[in-house]
Each structure stands twice: as structure tokens, then as C-alpha cells.
> 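I have a structure here, written as C-alpha cells, and I will follow up with some questions on it.
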Amino acid sequence: MGSSSFNERVYAVVRRIPRGMVATYGQVAALAGAPRNARMVGYALHANPEPGVIPCHRVVFRDGSLAPGFAFGGPDEQRVLLEDEGVVFVPPAAKPAGAPGWRVDLDHCQWRE
DNA sequence: CAATTGACTAACG
DNA sequence: GCGTTAGCCAATT
């Protein structure tokens with residue numbers, strides 16, 4: 001390995017996210033060494049060279065939601081996956097109106113080093 | 001080598 | 001309250 005791509009650094013961080021927790025793009029970006037490069041994180045995860053190895057479903061928006069239409073099979077599938085890992089979700093009725101659907105409870109499940 | 005794009009984020013209207 | 005614009009920074013073409 002020894003690839004010089006920024007994305008590999010992102011994969012390394014995402015791979016470190018413990019089961020039952022999630023991280024935001026900005027957080028992964030910061031851990032990857034680019035505190036302002038959240039976009040790059042999403043771009044790198046889209047490249048996802050090792051599906052199944054890299055838990056890209058554990059990476060969510062700052063709001064606790066996912067990329068609409070880009071989730072590996074649908075945001076509903078991701079919700080089930082995260083719930084299965086023990087991540088706490090917040091129903092649309094329990095949150096301030098605005099978000100399109102279920103969000104991850106970042107207050108309880110955001111990964112903390 | 002320069003311009004464009006992009007799984008983002010925050011601020012503004 | 002919701003939509004749009006601007007800013008960041010690196011990969012892609």
C-alpha cells in the first residue's frame with residue numbers, strides 16, 4: 001500500500017469507527033488531516049474500493065442524515081444496518097421539523113476518539 | 001498545467 | 001421555515 005491518495009487516509013479513519021457508532025464527514029475529514037475537506041471524504045467514500053470492509057454507512061451528515069440517493073441501496077437500508085449495530089436513531093417526529101427522515105442521534109452515537 | 005466537479009458545511013435571503 | 005449562494009480543498013478530466 002503506500003498509495004498517496006487522500007482517500008486512503010479517509011478509509012483508514014472510517015475503518016476505525018467502532019461498531020454502533022457513526023462519524024460525520026467533517027469529523028472524518030479532520031481525523032484524516034483535512035478539517036475543511038468534508039467533500040473530499042464523501043468523494044473518497046464514493047470511490048469505496050473495498051465495499052464491506054469500509055463501513056461507509058457509518059459516515060453521516062452533520063445533521064445525522066445520509067446522502068440522499070447515494071446510500072448503498074437506500075437510506076432505509078442504512079437505517080436498518082446502523083440499528084443492527086446498535087446505533088440510536090431519532091424518528092422524524094422527535095426532531096425539529098426539517099429533516100427528510102430518520103437521523104442518527106449524534107448526541108449519543110457520534111464516534112469520539 | 002488549468003478548469004471543473006464533488007457522499008460537505010455554514011451563512012444568507 | 002426553506003431555498004439558494006458561497007467557501008473549502010483535493011481528485012478527476
Side-chain angles (χ1 to χ4, degrees):
Chain A
M1 307 223 336
S3 313
S4 27
S5 305
F6 189 92
N7 67 23
E8 295 230 347
R9 193 170 312 206
V10 174
Y11 305 144
V13 175
V14 174
R15 222 149 100 251
R16 279 162 124 183
I17 302 175
R19 176 177 171 279
M21 293 205 194
V22 296
T24 67
Y25 288 98
Q27 185 174 359
V28 174
L31 292 171
R36 272 105 183 162
N37 221 15
R39 294 171 118 159
M40 225 302 115
V41 176
Y43 193 68
L45 288 177
H46 185 201
N48 199 358
E50 303 182 77
V53 182
I54 301 170
C56 39
H57 57 271
R58 285 183 193 149
V59 186
V60 297
F61 269 53
R62 254 306 187 190
D63 296 326
S65 332
L66 295 166
F70 270 92
F72 44 99
D76 182 68
E77 184 64 35
Q78 183 164 14
R79 180 173 70 74
V80 175
L81 268 163
L82 291 171
E83 281 191 314
D84 182 63
E85 294 191 344
V87 174
V88 180
F89 265 76
V90 181
K95 58 119 193 133
W102 293 71
R103 293 174 318 177
V104 179
D105 190 346
L106 294 174
D107 291 332
H108 284 99
C109 290
Q110 181 171 27
W111 174 43
R112 304 181 176 199
E113 35 173 335

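Each chain gets a letter, A, B and so on, in the order the sequences are listed, and its residues count up from 1. No experiment lies behind these values; they were computed from the predicted model shown.
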> Does A:E50 have any side chain to side chain contact (heavy atoms under 4.5 Å, CB included) partners at least two apart in sequence or in another chain, and if so, which?
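Here the qualifying residues are A:V53, A:I54.
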
> Does anything in residues 58-68 of chain A pair up under salt bridge (charged side-chain N to carboxylate O under 4.0 Å, His left out), and if so which pairs, sequence neighbours excluded?
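Listed once each, the pairs are A:R58-A:E85.
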
> Restricting to side chain to side chain contact (heavy atoms under 4.5 Å, CB included), what partner residues turn up for A:A29, sequence neighbours left out?
A:V41

> In this structure, how many angstroms lie between the P atom of C:dA10 and the CZ atom of A:F6, rounded?
7 Å

> For A:Y43 and for A:R36, find the nucleotide of DNA chain C with the closest heavy atom, then tell me which residue's nucleotide is more 5'.
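Its nearest nucleotide being more 5', the pick is A:R36.
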
> Salt bridge (charged side-chain N to carboxylate O under 4.0 Å, His left out): which pairs involve residues 13-23 of chain A, sequence neighbours left out?
none

> Can you list the residues that meet the side chain to side chain contact (heavy atoms under 4.5 Å, CB included) rule with A:A32, with sequence neighbours excluded?
A:F6, A:R9, A:V10, A:V13

> Base, backbone or nothing for each nucleotide of nucleotides 8-13 of chain B, written B, S, -, heavy atoms under 4.0 angstrom, 5' to 3'?
BSS---

